[in-house]
Amino acid sequence: MEGESSRQPGTLSEKATPFTMEQLSKLKSYFEEGGVEKATILIQQTLEELDKIELNIAVTGETGAGKSTFINAMRGLRSNDEGAAEADVVEGTMEPTVYPHPNDSNVRYWDLPGIGSPKFLAGEYLKKVKFERFDFFIIISACRFKENDAKLAKEIKQLGKNFYFVRTKIDQDVYSMSKCGGNKINEQKKLDYIWSNCVNNLKKVGIRTPTVFLISSFEQNLYDFNRLNKRLADDLPYIKKIVFVLAYANRSVEIVQQKSKMLQERIWMSATISGGVGAVPVPGLSLACDITILIREIIYFRKCLCLDEASLQRLANITEKPVQELKAIVNPLLLGKIDKNIIVRLGWGATVVAISALEFGLGFIPVIGSIFGAGSSFLMTYIMLTNALKDLTESAERVVKVAYGID
Ligand code: GDP
């Protein structure tokens, strides 16, 4: 088995910035032509573009296969939560239903029912659901491999779209095994058998390297659920990957750390904007900075790290922990309204000393390092946001450990 075939846990450790090398050199020339102000415009545009990026994910499969439950799991919801896709519904329609991600409504899952009929025509079906709008397809299958799944997979591939074949309800297979006296070795053999069966059936219809994952929508930290997420993220264009990953529900410390790295990559951009215009002295802070940008970014970090009220509640629901227990391990100042008083009280700016941007490890963005020196609003904002992100990340790690009982 190779690639997605080898069913080993993956790692989530990449560094990401919405700025490619090409954009960085553009930034440099903007700066040379028009100084910080012109460079700031480009950064602002990039951040605005990032806000508008949409991700449309098609989830298809036969009625009862587990589409709704999967869509809920991907969004950190249970089937009876507000905004959840209803499970166990007898589908009488072929109309796609859209389910936005609660962490970011630009990440949208589409439930595409209706592939069950015996006369199923994959090509017509894909035309009808307007396949072009989807970034990729996930085919959900349970129990036996179905002919319609294969037909659809082949057609999606022919249309040049990515698809992932997800065999769900694996927890049920494992449970049945244990009832028949199976042990861990037998369990692994059975999982390998199911996986090979899916791969071989897809190969039979001409798909050379099928991507098959075995998951349970109820046991997300077991089997291939996290590996599937990693693969989906890795296959996306860079900028969409950021959007997809930052919307993840926190299921592991690794996920929290991956998000934190991505957020860290955006700090220099916010800091540059703040270093350009709008910096004012803030009582209680040693230097001038743009408090509006600071507050906006900290609230955004908190949401991405799932420490906002709604995200904590969803995590509590899914892990069946009292929400108060999770809140108790978060610094109380981070839970309430974020305003300038809180920022001063948290002391994130206290470490600003005479230090140059280059010394602070910003050498990777040469143009920025040369614009701003010690004492600038840039540096103040940079350090404050870095400290804020560190505190929020540590809290998010503690929360996920308690929620999932991770040591
Ligand atoms: P849909 O018709 O494709 O949307 O399927 P649903 O999501 O409504 O799921 C059908 C049934 O399968 C429901 O009773 C779910 O609770 C159950 N189900 C879905 N996914 C899983 C899973 O991963 N494990 C188990 N044990 N049951 C599941």
Side-chain angles (χ1 to χ4, degrees), residues 7 56-102 108-118 120 122 125-126 128-129 134 136-153 156 163-180 182 187 190-191 193-195 197-198 212-229 231-232 249 251 314 317-320 404:
R7 302 185 26 259
N56 288 292
I57 302 162
V59 179
T60 186
E62 294 197 340
T63 304
K67 296 183 294 300
S68 315
T69 312
F70 173 77
I71 289 172
N72 291 335
M74 292 294 278
R75 297 181 306 143
L77 295 173
R78 302 168 303 174
S79 59
N80 51 350
D81 287 339
E82 204 188 319
E86 216 180 320
D88 286 320
V89 174
V90 179
E91 291 155 349
T93 167
M94 263 185 64
E95 285 309 308
T97 311
V98 63
Y99 295 99
H101 198 299
R108 310 193 300 178
Y109 289 85
W110 294 78
D111 184 338
L112 305 187
I115 77 160
S117 83
F120 174 72
Y125 174 81
L126 286 169
K128 200 159 186 171
V129 297
F134 300 115
F136 55 81
F137 285 75
I138 294 175
I139 302 177
I140 302 279
S141 157
C143 313
R144 277 181 311 111
F145 188 88
K146 302 277 171 51
E147 201 193 329
N148 285 349
D149 295 334
K151 281 192 209 165
L152 190 63
I156 294 170
F163 82 89
Y164 303 84
F165 193 87
V166 170
R167 167 60 162 83
T168 189
K169 305 191 191 179
I170 285 297
D171 55 313
Q172 278 180 356
D173 298 86
V174 170
Y175 180 75
S176 315
M177 281 283 301
S178 71
K179 287 289 157 206
C180 303
E187 180 185 311
K190 167 106 180 187
L191 295 183
Y193 171 79
I194 296 172
W195 182 88
N197 184 261
C198 296
V212 173
F213 295 87
L214 310 187
I215 68 144
S216 160
S217 293
F218 296 146
E219 303 282 358
Q220 293 154 22
N221 280 333
L222 296 180
Y223 318 113
D224 293 343
F225 194 92
N226 286 330
R227 241 172 39 79
L228 167 68
N229 275 274
R231 176 63 194 264
L232 298 178
R251 284 182 298 273
R314 282 195 295 276
N317 294 344
I318 212 137
T319 56
E320 296 178 347
Y404 282 98

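In each ligand, atom 1 is the first atom listed, and ligand 1 is the first ligand listed. What you see is a predicted model, and the numbers here were worked out from it, not measured in a lab.
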- Query: Which one of S68, A85, G66 has a non-hydrogen atom at the shortest distance from atom 4 (O) of ligand 1?
  - Reply: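 The nearest heavy atom belongs to S68.
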- Can a salt bridge be assigned to the pair K146 and D149 using a cut-off of 4.0 Å between side-chain N and carboxylate O?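 No, this pair does not count.
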- Query: Can a salt bridge be assigned to the pair D81 and R75 using a cut-off of 4.0 Å between side-chain N and carboxylate O?
  - Reply: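 Here D81 does not pair with R75 in a salt bridge, since their nearest N and O are not under 4.0 Å apart.
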- Item | Structural part of Q172 in contact with ligand 1, heavy atom criterion under 4.0 angstrom |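 Side chain only; the backbone of Q172 stays clear of ligand 1.
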- Query: Taking non-hydrogen atoms only, is T69 closer than 4.0 angstrom to ligand 1 via side chain, backbone, both or neither?
  - Reply: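 Under 4.0 Å from ligand 1, T69 contributes backbone and side-chain atoms.
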- Query: Between F70 and ligand 1, does any nitrogen or oxygen pair lie at a separation below 3.5 Å?
  - Reply: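 No - when backbone and side-chain N and O of F70 are compared with those of ligand 1, no distance drops under 3.5 Å.
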- Close N or O approach (E86, ligand 1; < 3.5 Å):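 No, there is no polar N/O contact under 3.5 Å.
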Which atoms from ligand 1 have a heavy atom of [X] less than 4.0 Å away?
| X | answer |
| --- | --- |
| A87 | 8 (O) |
| T63 | 2 (O) |
| E62 | 3 (O) |
| T168 | 23 (O) |
| S216 | 23 (O) |
| S217 | 22 (C), 23 (O) |

- For the pair Y109 and H101, evaluate side chain to side chain contact (heavy atoms under 4.5 Å, CB included) and give the outcome as yes or no after the intermediate values. CA-CA 7 Å; Y109 289 85; H101 198 299; 4.2 Å; yes
- Identify, with sequence neighbours excluded, every residue that meets side chain to side chain contact (heavy atoms under 4.5 Å, CB included) alongside F136.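 Scan of F136 (side chain to side chain contact (heavy atoms under 4.5 Å, CB included), adjacent residues dropped) gives I57, I138, N162, Y164, L232, L236.
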- Message: Would G61 count as a contact residue for ligand 1, given that I'm defining contact as a non-hydrogen atom of the residue lying under 4.0 Å from a ligand atom?
- Response: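 No, G61 has no heavy atom closer than 4.0 Å to ligand 1.
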- Task: Locate the shortest heavy-atom distance separating P96 from P113; write the atom from each residue and the value.
- Result: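 Smallest interatomic distance, heavy atoms only, reads CA-CD, 4.4 Å.
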- Smallest separation among heavy atoms of L112 and T60, with atom names: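 Of all heavy-atom pairs spanning L112 and T60, the closest is O-OG1, 3.0 Å.
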- CA sep, side-chain torsions, deciding dist, call: V129, W110, side chain to side chain contact (heavy atoms under 4.5 Å, CB included): CA-CA 10 Å; V129 297; W110 294 78; over 6 Å; no
- For F145, which residues count as a ring-ring contact (aromatic ring centres under 6.0 Å, His included) partner, sequence neighbours excluded?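 Expected list: F165.
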